[in-house]
Asks: 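Just passing along the structure, written as structure tokens.
Ligands are counted one by one from 1 in listed order, and the atoms in each one are counted from 1 as well. Only heavy atoms go into these numbers, but all of them, side chains included; no hydrogens, no water, no symmetry mates.
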Amino acid sequence: MARLVTLGEILIQFNALNIGPLRHVTYFEKHVAGSEANYCVAFVKQGNECGIIARVGDDEFGYNIIEWLRGQGVDVSHIKIDKTAPTGIYFIQRHYPVPFKSYMIYYRKGSAGSKLSPEDVDEAYIKSADLVHSSGITLAISNTARDAVYKAFEFAKERSFDTNIRPVLWPKLEDAKKEILRLLNEYHPKFLITDTDDSAIIVGEADPDKAAKELSNYSEIIIMKLGAKGATLYYDGKKYYSSGYQVPVEDVVGAGDALGGTFLSLYFKGFELEKALDYAVVAATLNVMIRGDQENLPTTSDIEAFLKEMKKI
Ligand code: KDG
């Protein structure tokens, strides 16, 4: 069984029950979210192990996160309770003003999660993992969180990185570019998960093939997420496109993490890369059909049931 360790902020998500501008939304539904926690649950669902290094507040939301993730089979032994700051939260506005899009409104500045620091990174724990994963979100939330990623990557056997640029978390997009390129240059993570919005910022290319060519200077295996169209994999000079499925869309937030976490887990289970991508696209598809980032993450056999019945678009 493979073991993943991720580092990042775990958040409480309040997802609007109705679509439209939040000023007119009365009811919200609560979920546990945060990109690296989503990766962990997706990884565990395929029968592997995952632990997350993070901080939560000494509050109901912090305990909600720990209990939920423990229930999903995630190793929560390295989630610290920070008494000095609250658990970060965010709201999701859905399908407005652009249908099928979701908008995240964060209340996380100074949160416990952003206080993640190198002292939270246990060298032995990192060394026990087959893979260490983090994202551009963790580089953005604080200098100490960024330093924690560097420390973890230093001790990691193998690395994975999702560019996940959230523009509001960066003072300017130029900073996102600089910090992400610095990390890619220093560690050359084997797996790089990205999309064309992010590649346009990082390497100045929104064309997936051209962007992947640039990014192949840093990573061996690149996944370009293409939203409802699916995703393309680039490896060994080859390209493999896996198209998406037409399904009703409730909320797209978290779909990329579903895709990345499922792909990585199946890779470590010994799947061929292309088959792992096909399965990962199914995980992302199921993810957009509900509110919440983790509740619809499928097991391998759920994915197989889907593939038996559903046709690609
Ligand atoms: O990828 C989904 C995440 O963006 C969401 O769960 C919230 O982690 C989050 C963030 O920082 O945007």
Asks: Do R3 and S128 pair up side chain to side chain, a donor and an acceptor below 3.5 Å, judged on atom types alone?
Replies: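 S128 and R3 do have a side-chain donor-acceptor pair below 3.5 Å.
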Asks: Quick one: salt bridge (Lys or Arg N to Asp or Glu O under 4.0 Å) partners of E29, sequence neighbours excluded?
Replies: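 Checked E29 against salt bridge (Lys or Arg N to Asp or Glu O under 4.0 Å); matches are R291.
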Asks: One thing to verify: whether K80 and D120 come together as a salt bridge, which I'm taking to mean a side-chain N less than 4.0 angstrom from a carboxylate O.
Replies: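 A salt bridge links D120 with K80.
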Asks: Can the ring centres of H133 and F161 be said to be less than 6.0 Å apart?
Replies: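 Aromatic pair excluded; centres sit 6.0 Å or further apart.
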Asks: What are the polar N/O contacts of ligand 1 with the protein below 3.5 Å, with distances?
Replies:
residue	atom	partner	partner atom	Å
ligand 1	1 (O)	R166	NH2	2.9
ligand 1	1 (O)	D257	OD2	2.7
ligand 1	4 (O)	R166	NE	3.1
ligand 1	4 (O)	R166	NH2	2.9
ligand 1	6 (O)	G34	N	3.0
ligand 1	6 (O)	Y90	OH	2.9
ligand 1	6 (O)	D293	OD2	2.6
ligand 1	8 (O)	S35	N	2.9
ligand 1	11 (O)	R108	NH1	2.7
ligand 1	11 (O)	R108	NH2	3.3
ligand 1	12 (O)	Y106	OH	2.4
ligand 1	12 (O)	R166	NE	3.2

Asks: Identify which one of Y103, Y27, F14 satisfies the ring pair (Phe, Tyr, Trp, His ring centres under 6.0 Å) criterion when paired with F91.
Replies: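 Only one option passes, and that is F14.
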Asks: So does K172 pair up with D175, basic N to acidic O under 4.0 Å?
Replies: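 Looking at D175 together with K172, the answer is yes, because their closest N to O distance falls below 4.0 Å.
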